**Q** 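Sharing a structure here in structure tokens format.
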2 protein chains.
Amino acid sequence: MDGDLSSTATPPLEGCGPALADQLSLPKPLRQRVFEYVRGQGRTARSDISRALGISPGSATTLTADLIRANLIREVADPERGQGRGRPRVALEIVPEAGHVIGIKLGDDRHTAALSDFAGRLICDLTLPASTKARPSYQIVDEIGALLTGLLEKAGKTLRDVSGIGIGMVGIVDHAQGIVHWSPLLDSTDQAFGAAVEERFGLPVALENDANMLTLSELWFGAGRVKSDFAVVTLEKGVGMGLVLNNQLYRGSFGMGLELGHTKVQMEGALCRCGQRGCLEAYISDDALTREAATVLNLAPDTDGPASTMAALYQQAAAGHAPALRIFQRAGRFLALGLSNVVQLFDPALLILSGERMTYEFMYADHLSADVQALVLSQNKMPCKIEIRGHRDLHWARGATARALADMTDRLFNTETPA
Amino acid sequence: MDGDLSSTATPPLEGCGPALADQLSLPKPLRQRVFEYVRGQGRTARSDISRALGISPGSATTLTADLIRANLIREVADPERGQGRGRPRVALEIVPEAGHVIGIKLGDDRHTAALSDFAGRLICDLTLPASTKARPSYQIVDEIGALLTGLLEKAGKTLRDVSGIGIGMVGIVDHAQGIVHWSPLLDSTDQAFGAAVEERFGLPVALENDANMLTLSELWFGAGRVKSDFAVVTLEKGVGMGLVLNNQLYRGSFGMGLELGHTKVQMEGALCRCGQRGCLEAYISDDALTREAATVLNLAPDTDGPASTMAALYQQAAAGHAPALRIFQRAGRFLALGLSNVVQLFDPALLILSGERMTYEFMYADHLSADVQALVLSQNKMPCKIEIRGHRDLHWARGATARALADMTDRLFNTETPA
DNA sequence: GCAATTAATTTAGGTCTTGAAAATATGGAC
DNA sequence: GTCCATATTTTCAAGACCTAAATTAATTGC
């Protein structure tokens with residue numbers, strides 16, 4: 001409000017520089033870094049570890065010996081053995097049986113769970129239908145119980161084999177405290193949902209916003225692994241977003257998802273179900289499209305619910321019906337506009353599109369990437385790559401296993417931040 | 001493009017988890033963390049250091065003794081001495097004379113430099129007029145020379161007293177390499193500008209996009225010190241933005257600023273000087289306002305250049321001239337829309353508005369914050385705080401001193417990342 | 001076979017850091 | 001004033017951790 005440089009916003013604060021201790025500076029133990037490097041590579045030799053982590057060969061020997069003794073990694077016959085000139089490298093890999101984790105995506109009308117081994121490999125998965133109504137949290141805990149039972153039975157394991165659970169769900173989630181401030185699945189707010197699940201099954205539980213889980217899935221298993229900054233946009237009922245910035249999942253200050261769907265693409269624009277005007281969702285959500293479709297297709301908007309209207313609209317568009325096609329095209333243009341804003345603001349190296357609605361991908365994909373690039377100021381710079389990914393529930397659930405794995409690893413080397 | 005989970009985007013990559021070594025995991029030496037803590041606090045006791053950094057009291061003694069021996073910190077008579085019960089705490093502070101740095105903001109029509117001591121305190125500053133034309137880089141190096149000479153003379157110092165320079169400038173800047181890919185100040189592209197300045201004055205130079213410098217200024221000296229996530233929006237000729245996320249300055253993938261000014265606020269909207277349509281800048285920049293002002297004020301748009309037209313428009317609005325007022329109000333609404341998108345996408349804890357154009361703050365400030373909140377989906381969450389800050393060039397230059405200080409500190413404890 | 005080459009291990013030594021006890025410097029009770 | 005409670009700081013031995021350099025190991029090319 002002024003030009004005064006000497007005063008700071010909080011009077012008692014003297015000195016200068018960032019005042020918050022960045023948790024970044026507390027280093028992970030070297031042993032954990034070795035372990036994570038091996039997991040990241042899948043298979044490596046000690047000499048690689050030493051080079052990649054900048055530690056002495058001697059340390060590599062000592063540390064890997066520790067990990068081998070703890071039965072976390074093991075030596076393995078290397079197929080590439082005998083390629084080079086000197087002494088052959090001894091490949092190391094994670095012991096997959098060292099532990100298992102379960103990742104769960106709680107959805108609007110179905111839940112999916114995935115069982116993963118310690119190396120991050122998918123072992124087994126299961127999807128069960130669920131209610132579409134808001135309900136008390138103990139009921140959802142029950143549903144998780146059914147999911148776990150089914151999954152473990154299918155895999156021939158027991159709960160004792162599992163060392164952690166990750167859960168992704170829609171809503172406002174405090175990942176650090178395991179509290180669900182709000183979710184369409186729950187009939188009350190500010191639930192200590194993580195603690196409830198922990199107590200019920202006696203396992204550590206990590207809770208996370210579902211868009212974040214999908215983002216973690218890309219960071220751990222997808223194209224995001226080799227990018228330091230990327231965005232994931234999900235098209236489902238709503239439009240969600242997750243971000244990885246500086247190699248870290250960015251969650252925002254208030255734990256509510258990053259709401260791309262409610263960014264404004266038009267001043268005083270179309271009315272959105274959130275009550276605002278001009279939201280992106282007001283132009284590209286199912287509701288918006290079905291509203292328009294009702295006119296074009298001469299359908300009552302609510303004959304069989306929006307899903308069937310969408311299907312009909314899609315069918316007509318695919319068959320070449322011009323008005324139907326134009327509805328999709330217009331939605332595509334608005335989507336491109338919204339995405340271009342993301343690219344302009346974050347300058348990510350990669351933008352991943354995912355979610356149920358990308359079923360209609362051939363409607364969007366053709367021009368979408370070009371449309372976005374055209375809307376972005378590109379001063380000789382490399383354009384942001386746009387990828388369209390699958391939309392299966394399993395992706396979400398795998399993201400949850402990633403989160404569970406990360407937590408489990410931290411616990412193993414006790415670096416975890418106590419909640 | 002598919003639902004296949006087993007294949008990764010880059011075939012040779014096995015394993016799972018983030019593949020990029022986050023530079024975060026290489027820890028700063030404890031000695032440096034102590035030093036930075038002292039600088040951050042301004043004045044602290046050893047016992048505080050031990051508690052805050054989670055190290056043993058013994059280590060605090062040893063480390064501070066080292067720093068005292070190196071003449072980087074010193075004991076000081078504490079005004080609060082003798083408050084408590086037990087042995088009084090001995091206050092420690094940075095030795096301000098241990099070093100000096102200079103921060104420079106290179107502007108469109110003037111340059112500003114600031115001299116700061118090792119404790120981050122401003123000692124002296126100087127602004128000189130500059131050309132408004134693009135010119136070769138050696139000429140700008142000359143201008144920097146004049147700036148340094150003037151500043152040092154004013155302060156009674158010599159170049160030998162200075163241990164680092166930070167420079168902020170408009171354009172596409174590679175901060176790691178010190179290369180200016182493009183800038184309106186330079187008549188050619190991809191200049192190794194940092195190296196040129198380094199060679200000329202024999203001092204380490206840090207180059208940075210100017211919006212980032214301003215953001216650093218808030219992170220080091222302003223309200224951002226105690227926030228882990230915040231955004232800084234600058235209103236000058238263009239609309240710029242800087243972000244601190246997870247306690248770190250976020251620079252984007254391509255080193256070009258985060259272009260809030262060219263996010264789209266309207267499909268097929270007003271034409272922007274960048275060639276696109278619907279950019280925020282097309283609604284709130286000087287050019288846009290003067291174009292409208294020309295109509296209202298019956299002025300030829302180019303009588304004395306846009307600056308004088310702006311001044312006239314502002315005067316009329318302040319005097320209550322309704323059409324002039326409406327021009328500002330409309331611009332304010334679009335600004336609010338653009339800001340609401342930032343808040344919606346990043347969920348920052350704080351949004352700081354700064355820059356020359358905030359001179360007209362009383363035009364904007366009244367409703368701006370409320371307008372933004374009204375446009376943001378707020379599901380019971382604490383609203384993002386919006387602050388309007390001064391706009392003096394000095395803020396930029398101080399940000400540059402912060403960057404120079406950070407680099408100098410890294411060098412001192414040799415943690416620096418070799419370019 | 002022998003040199004060259006690369007990988008892994010051993011070992012001695014150095015640098016940090018901690019933990020516990022001791023020393024220090026005060027305020028307050030009597 | 002003396003003594004005790006309290007809080008800060010220092011001392012110092014013990015140990016964790018890592019590195020450097022030398023050594024051992026396992027190959028290929030000639």
Side-chain angles (χ1 to χ4, degrees), chain A residues 21 25-38 41 43-70 72-93 412-415, chain B residues 21 25-38 41 43-70 72-93 412-415:
Chain A
S25 51
L26 359 149
K28 287 181 183 175
L30 212 38
R31 206 173 274 96
Q32 182 174 2
R33 290 180 55 203
V34 169
F35 177 81
E36 291 181 348
Y37 181 75
V38 173
Q41 296 296 308
R43 186 160 290 186
T44 346
R46 276 169 259 252
S47 53
D48 282 336
I49 296 174
S50 143
R51 266 189 301 269
L53 268 47
I55 60 176
S56 70
S59 297
T61 296
T62 315
L63 294 168
T64 52
D66 280 358
L67 293 172
I68 290 172
R69 204 172 321 111
L72 294 172
I73 66 174
R74 65 186 175 202
E75 296 191 343
V76 65
D78 192 346
E80 301 177 39
R81 189 185 178 82
Q83 296 261 60
R85 200 96 141 73
R87 173 175 176 171
R89 12 188 326 121
V90 179
L92 297 167
E93 66 171 21
L412 203 56
F413 297 94
N414 50 68
T415 325
Chain B
S25 53
L26 3 146
K28 287 182 183 174
L30 211 36
R31 205 173 275 98
Q32 180 174 3
R33 289 180 56 202
V34 170
F35 176 82
E36 291 181 348
Y37 180 75
V38 173
Q41 296 297 309
R43 187 161 290 185
T44 347
R46 276 170 260 251
S47 54
D48 281 338
I49 295 173
S50 146
R51 266 190 300 270
L53 267 49
I55 60 177
S56 70
S59 297
T61 295
T62 316
L63 293 166
T64 52
D66 281 357
L67 293 172
I68 290 173
R69 205 173 318 112
L72 294 172
I73 65 174
R74 66 186 173 201
E75 297 191 343
V76 66
D78 193 344
E80 302 177 38
R81 189 187 179 81
Q83 297 260 60
R85 201 98 140 74
R87 174 174 177 170
R89 11 187 328 120
V90 179
L92 298 168
E93 66 172 23
L412 203 56
F413 298 94
N414 50 67
T415 325

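Order of the sequence lines sets the chain letters (A, B, ...), proteins ahead of strands, with each chain counted from 1. Just so you know, these numbers come straight off a predicted model, no measurement behind them.
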**Q** Find the distance A/Arg33:CZ to D/dC18:P and express it as a whole number of Å.
**A** 10 Å

**Q** Reading nucleotides 5-15 of chain D from the 5' end, what letters show protein touch, with B for base, S for backbone sugar-phosphate only, - for no heavy atom under 4.0 Å?
**A** -BBBBBB----

**Q** Please tell me if the side chains of B/Arg51 and B/Ser47 come closer than 4.5 Å, counting only heavy atoms from C-beta onward.
**A** yes

**Q** For A/Glu36, which residues count as a salt bridge (Lys or Arg N to Asp or Glu O under 4.0 Å) partner, sequence neighbours excluded?
**A** A/Lys28

**Q** Measuring from atom CD of A/Glu93 to atom CD1 of A/Ile73, what distance do you get when rounded to the nearest 0.5 angstrom?
**A** 10.0 Å

**Q** Specify the separation, in whole Å, of atom CG of A/Asp66 and atom P of C/dT9.
**A** 12 Å

**Q** Using atom CD1 of B/Ile49 as one end and atom P of C/dT18 as the other, report the distance to the nearest whole Å.
**A** 13 Å

**Q** The criterion is salt bridge (Lys or Arg N to Asp or Glu O under 4.0 Å); which residues satisfy it with B/Arg87, sequence neighbours excluded?
**A** none

**Q** Only one of A/Thr64, A/Asp66, A/Thr62 forms a side-chain hydrogen bond (donor to acceptor under 3.5 Å, both in side chains) with A/Arg31, so which one is it?
**A** A/Asp66

**Q** Measure from CG on A/Leu30 to P on D/dA16 and round the result to the nearest Å.
**A** 16 Å

**Q** For B/Val76 versus B/Leu92, what's the shortest heavy-atom pair and its separation?
**A** CG1-N, 4.4 Å

**Q** Between P on D/dC18 and CD on A/Gln32, what's the gap in Å once rounded to a whole number?
**A** 13 Å

